[in-house]
Amino acid sequence: MRLFNTLTRTEEDFVPADGKTVRMYTCGLTVYARGHIGNFRTFISLDVLRRALRHQEGYGMRHVMNFTDVDDKTINASQQAGVSLREYTDRYIQAFREDCAALGLESVEENPRATDEANLKAMVDMIGQLTARGHTYESDGSTYFRIATLPEYGKLARLDHEGIQAGARVDSDEYDKEDARDFVLWKATKEGEPTWDYGCGPGRPGWHIECSAMALRLLGDGPIDIHGGGIDLIFPHHENEIAQAEGATGRQFSRFWVHVEFLKLAHEKMSKSLGNVYSLQDIIDRGFRPSSLRFLLISVHYRKQLTFSFDILAQADAALTRLTDFLARLERATEGEAHPAIAERVAAARAEFRAMIASDLNVPGGLGVMFELLREMNAAIDAKGMSADDAALIRDAFEEFDRVLGVIALRRAEDSAPPFPADEIDALIEERRLARRNRRFARADEIRKDLEARGILLEDSATGTRWKRK
RNA sequence: GGCGCCGUCGCCAAGCGGUAAGGCAGAGGUCUGCAAAACCUUCAUCCCCGGUUCGAUUCCGGGCGGCGCCUCCA
């Protein structure tokens, strides 16, 4: 498949180095607060990438996504909460897992956390390698990376460091660095902070070292196939990851770099530091469903900014409802024999969809293919009915699409968990059926209205009445 | 100051050299006890100005507008 590589700023053919299994690392969440929907745009986009590689391209996956569970924010927040760092970050890891499940993310092969011993040791080892190769220096007990020792520094972000000029917000660090561009690998212990000592002196890891070290520890020697994350990580985080991994090993770190654009709110990016964030729970509290959010977040190409609003969330919800209504209609198709024309049309749509996804994950284009097929198949049902065999073919196609998108199955799982017991709904539908047969329409309409007030919509058809969540 | 992205129908959004996919909303119709669902019809010349080309929404240049990175951030 074709994939845009930030390293080259071009779309390239992607194949895993060994031809079989994709070794992918994606930056996860810093677990000092609940993830917001901007974070989840990135995670969902990378989930679609993972699904496409796995289910469409047929590769095996070795996918690592970390939790950053030690940094200034996690430390400060845990101290304010009066609990240990571990206990505090456990809470948000748990919350993150719940949100991921609600949003239909596939679980990945490894979710390392920075403060696990094996990982801290890997970081210290890597710092040792960097020191052996002359890339580090010490200052006040902290260890720094000396940018000047790595001529290639800046190749990912394409920053002209010689030319940092007036107007740039240059780092004014309280630490004693030789060069403003240098960054910390290991921070010396401060009073009251968690500390570890595995060979770099007592302290804690700098932010960037964890990803370099854990990626190579869990995925094996570089280059790994893909490294991904939000676009804001290009600099400094990913640039520094490259410096660390390549400085330590002398080998390329990652062949492909994939970055997901921002989610914006009104006219600015959504970020915790700006405070303009919505969590998944906020979305649910407004009466929307996680599946609708997932649909919205994948319906704009991952490399374009997406401006969130509840208005477009409602549009996404309506579109997704149409999709599941169609699939439900298919369940009732039982008439006649198979139509060869349908098989042909479905095969063509499958090919078109695959081509869209293989083209740098053109999910919006893929959705277009799906809805075109949907309309034509609806028309076919209206025109001459549809056999169970035809319906099965169509259903298979949508299941194939959804293995990549992961949104229809999610919606259906939500639908099958009604706000109150399904038995009760079925009983009321039966009562309404009898009322209608006896032409007691007032009672029939009353049942419809009551159910609607309780979040259940009814749809009558020749083959009976079906219910769905509002 | 440097680097980069974006501007397509009321809203969202693909396409990116050969004459504008799709979704949502709207209008008219078919169907229907009601309500939905569904179908049919209808609904854009692509921010502006130049240039290149037989031909540009698509390439180049210049505007205007929006956003990002150069600091923690998905």
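Naming: A, B, ... by sequence-line order, numbering from 1 per chain. Reckoned from all heavy atoms, side chains included, excluding hydrogens, waters and symmetry mates.
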Side chain of [X] only, please: which of [options] is the nearest?
X	options	value
Arg436(A)	rG22(B), rG33(B), rC11(B)	rG33(B)
Asn378(A)	rC70(B), rA38(B), rC11(B)	rA38(B)
Gln315(A)	rC34(B), rG66(B), rG23(B)	rG23(B)
Phe262(A)	rA38(B), rG68(B), rC40(B)	rG68(B)
Val300(A)	rC34(B), rC39(B), rA13(B)	rA13(B)
Asp382(A)	rC70(B), rA38(B), rA74(B)	rA38(B)
Arg322(A)	rC34(B), rA14(B), rC39(B)	rC39(B)
Pro364(A)	rC72(B), rA14(B), rA35(B)	rA14(B)

[Y] and [X] side chains, donor-acceptor separation under 3.5 Å:
X	Y	result
Tyr92(A)	Asp69(A)	no
His339(A)	Ser387(A)	no
Glu241(A)	His227(A)	yes

Problem - Strand partner of rU57(B), provided both Watson-Crick or wobble distances fall under 3.5 Å - result: none
Handout entry: Complementary nucleotide for rC5(B) - Watson-Crick or wobble, under 3.5 Å
Key = rG66(B)
Practice task
Write down the distance separating the C1' atoms in rC67(B) and rC43(B), rounded off to the nearest Å.
Solution key: 31 Å
Practice task
Could you give the distance separating rU42(B) and rC6(B) at their C1' atoms, to the nearest angstrom?
Solution key: 32 Å
Practice task
Assess whether one donor atom and one acceptor atom, taken from the side chain of Asn362(A) and the base of rG15(B), lie less than 3.5 Å apart.
Solution key: no
Problem - Donor-acceptor pair under 3.5 Å, Arg448(A) side chain vs rA35(B) base - result: yes
Handout entry: Under-4.0 Å side-chain N/O to phosphate OP1/OP2 contact, Lys304(A) with rG7(B)
Key = yes
Exercise for the section: For Arg433(A) and rA35(B), give me the distance from atom CZ to atom P, rounded to whole Å. Expected result: 22 Å
